[in-house]
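These notes concern the structure reproduced below.
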Amino acid sequence: MKLAILGGGGFRVPYVYQALLRDHGTPRIEEVWLQDSDAGRLEGMAAVLAALADEDAGGAGAAPKVFTSTELDKALEGADFVFAAIRVGGLAGRVCDERVALDLDVLGQETTGPGGLAYGLRTIPVMLDIARRVKALAPDAYVINFTNPAGMITEAMQSVLGDRVLGICDTPSGLGTRVAAALGLDPSRVQLDYVGLNHLGWMRRILHDGVDVLPRLLADDELLGSLEEGVVFGRDWLRDLGVIPNEYLYYYYFNREAVRATLDAPQTRGEFLANQQAAFYERIAAASGGAAMELWRETVASRSASYMAEMKGADTGSELAGHAGVDPVDEGYAGVALSVMAAISRNEPATMILNVRNGTTVRALPEDAVVEVPVLVDAGGVHPLTLAQPDLHQAGLMQQVKAVERLTISAARTGSRAEAAKAFGLHPLVDSVSVGRRLLDGYAARIPEVAAVFAGGT
């Protein structure tokens, strides 16, 4: 089988390849096509993958062959699966997403709040073009979308590809794995009752052999405090809620604190990553073999260890104790993506949490909205599981954010500045319509790809 990875020069690519090397089922991925607009990044990532293949030379089965191309059509043609992980505007765009908002004392974050809307506005037109090329060149392929904002992008692409595109985020499954580890449970025997949108959801029950162990976790000071969510939200708030929120809900529940912490930090997350990645790609250009692989491992360890540092009382980019060397292959994006491919191509049914078409799953939302819920994946595709309806406060927040997402999709498709202004003005993290208009003006002025959306629009 052929796998095309769009954004093939990105940091997550070696994790995917590691997962493929560990996979010995039949059929399996035999060709991996890396596609990226930056030939230098492709060359660097190809060097890392070659070193990983050499390291695995004694393993069972041949390593998937790696091809690189800056041409989209060449990578897509005849693909069985497509991973999409692109960043329109690069990290410079992400920094603008953050800084335009922070300059107005509004949350500046990659996917949550106005920064996520700006990111979506400039990304959706590109992803719709990609969806059309997939439909023409690989009509039987499944698209597994990693591109943020994942729920919004997946929903836009489904207008072209239907249910053959789904979105992945490792945050819910990662939470389940960490909870199982904290309680000393076998994660394969744990079922997660989760409902929400991408980066906005709640773990309501954690079932082990049919028994809900969440009350046990909430009652234990030490266990609850050992979880990232216990650190981020505080034990008292988790107990008040009676659920474990997705960590990105910190930006809603503690918005003032989040904005203050980001403003007080010496740099934003985007600025940290821009500096880190620039140094990495400069160094990897002169590296090869094992040196390239070790450089990548060193860089991603620092990247993972500093994740959401400012929300945990540390400076942005600071490595947190106990987080160094985090390897998300098994429970992260790569592991979930490999499970999806195995379930579909080999009919190995698996239950996981994905971004999929709602249907009748969450009655408070439109049927064609994309939600993040538990699903069964098999050779017949993706099937959302029946679940209890969200509580009133959960449904209300989901409805408001989903309305904003759909306005953003409409604006990106039609070039309507009025629709975009409504999206910014209605976002719950933007506290004023006039501020929303200033945010939109700021993004259009500073990010060419955002301005291009409205060229000729209304």
Side-chain angles (χ1 to χ4, degrees), residues 1-25 27-72 74-87 141 143-144 146-147 168 170 273 276-304 325-330 332-342 345:
M1 294 191 297
K2 175 181 177 178
L3 168 65
I5 303 180
L6 313 184
F11 267 79
R12 287 199 183 103
V13 170
Y15 284 135
V16 173
Y17 195 68
Q18 281 182 315
L20 294 175
L21 289 171
R22 297 172 183 177
D23 176 42
H24 304 302
R28 67 193 294 259
I29 297 297
E30 297 173 338
E31 291 186 10
V32 176
W33 281 76
L34 308 182
Q35 187 277 333
D36 202 291
S37 59
D38 189 320
R41 291 192 172 206
L42 283 175
E43 185 177 349
M45 278 301 134
V48 175
L49 302 197
L52 289 172
D54 288 343
E55 186 179 64
D56 189 67
K65 295 179 180 178
V66 176
F67 303 85
T68 63
S69 179
T70 57
E71 298 178 25
L72 176 63
K74 191 173 182 180
L76 288 178
E77 188 171 10
D80 298 283
F81 292 94
V82 178
F83 288 3
I86 69 171
R87 184 178 291 280
V143 176
I144 300 174
F146 300 76
T147 301
I168 282 184
D170 69 334
L273 292 175
Q276 184 197 59
Q277 290 191 21
F280 168 80
Y281 286 110
E282 181 179 344
R283 292 172 63 192
I284 203 169
S288 61
M293 181 173 63
E294 291 308 314
L295 177 58
W296 171 75
R297 285 177 170 160
E298 171 191 317
T299 305
V300 295
S302 173
R303 176 189 177 105
S304 298
V326 173
D327 182 356
V329 168
D330 292 326
Y333 287 87
V336 177
L338 188 67
S339 295
V340 169
M341 291 194 297
S345 64

- Item | Within 6.0 angstrom of E282 CD, more than 12 heavy atoms from elsewhere | no
- Check whether more than 12 heavy atoms from other residues, nucleotides or ligands sit under 6.0 Å from atom CD of E43, and answer yes or no. no
Anything under 3.5 Å between a donor and an acceptor, one on a side chain of residues 1-10, the other on a protein residue two or more places apart or in another chain? List them.
| from | atom 1 | to | atom 2 | distance (Å) |
| --- | --- | --- | --- | --- |
| K2 | NZ | K74 | O | 3.4 |
| K2 | NZ | A75 | O | 3.1 |
| K2 | NZ | E77 | O | 2.6 |

Compare every heavy atom of [Y] with every heavy atom of [X], then report the nearest pair and how far apart it is.
X	Y	value
L34	M45	CD1-CB, 4.4 Å
A53	A63	CB-CB, 3.9 Å
P14	L49	CA-CD2, 3.7 Å
L21	P64	CD2-CD, 3.9 Å

Residue pair [X] / [Y], side-chain heavy-atom distance below 4.5 Å:
X	Y	result
I144	V82	no
I29	K65	no
T299	F11	yes

- Assess whether side chain to side chain contact (heavy atoms under 4.5 Å, CB included) is satisfied between Y17 and V48, documenting all intermediate values. CA-CA 10 Å; Y17 195 68; V48 175; over 6 Å; no
Distance in Å, [X] [atom1] paired with [Y] [atom2], rounded so as to fall on 0.5 Å steps:
X	Y	atom1	atom2	answer
Y281	Q277	OH	CD	5.5 Å
T70	D36	OG1	CG	9.0 Å
Q18	L338	CD	CG	12.0 Å

- Message: I'd like to know if E55 pairs up with R297 as an ion pair, taking the criterion as any Lys NZ or Arg NE/NH1/NH2 lying under 4.0 Å from an Asp or Glu carboxylate oxygen.
- Response: yes
- Task: Could you tell me whether E298 and R303 have a side-chain N and a carboxylate O separated by less than 4.0 Å?
- Result: no
- Message: Has T68 got a side-chain atom pairing as donor or acceptor with L42's backbone, closer than 3.5 angstrom?
- Response: no
- Task: Compute whether any side-chain donor of one residue and acceptor of the other, for W33 and Q35, lie under 3.5 angstrom apart.
- Result: no
- Query: Of F83, Y15, F146, which meets side chain to side chain contact (heavy atoms under 4.5 Å, CB included) against Y333?
  - Reply: F146
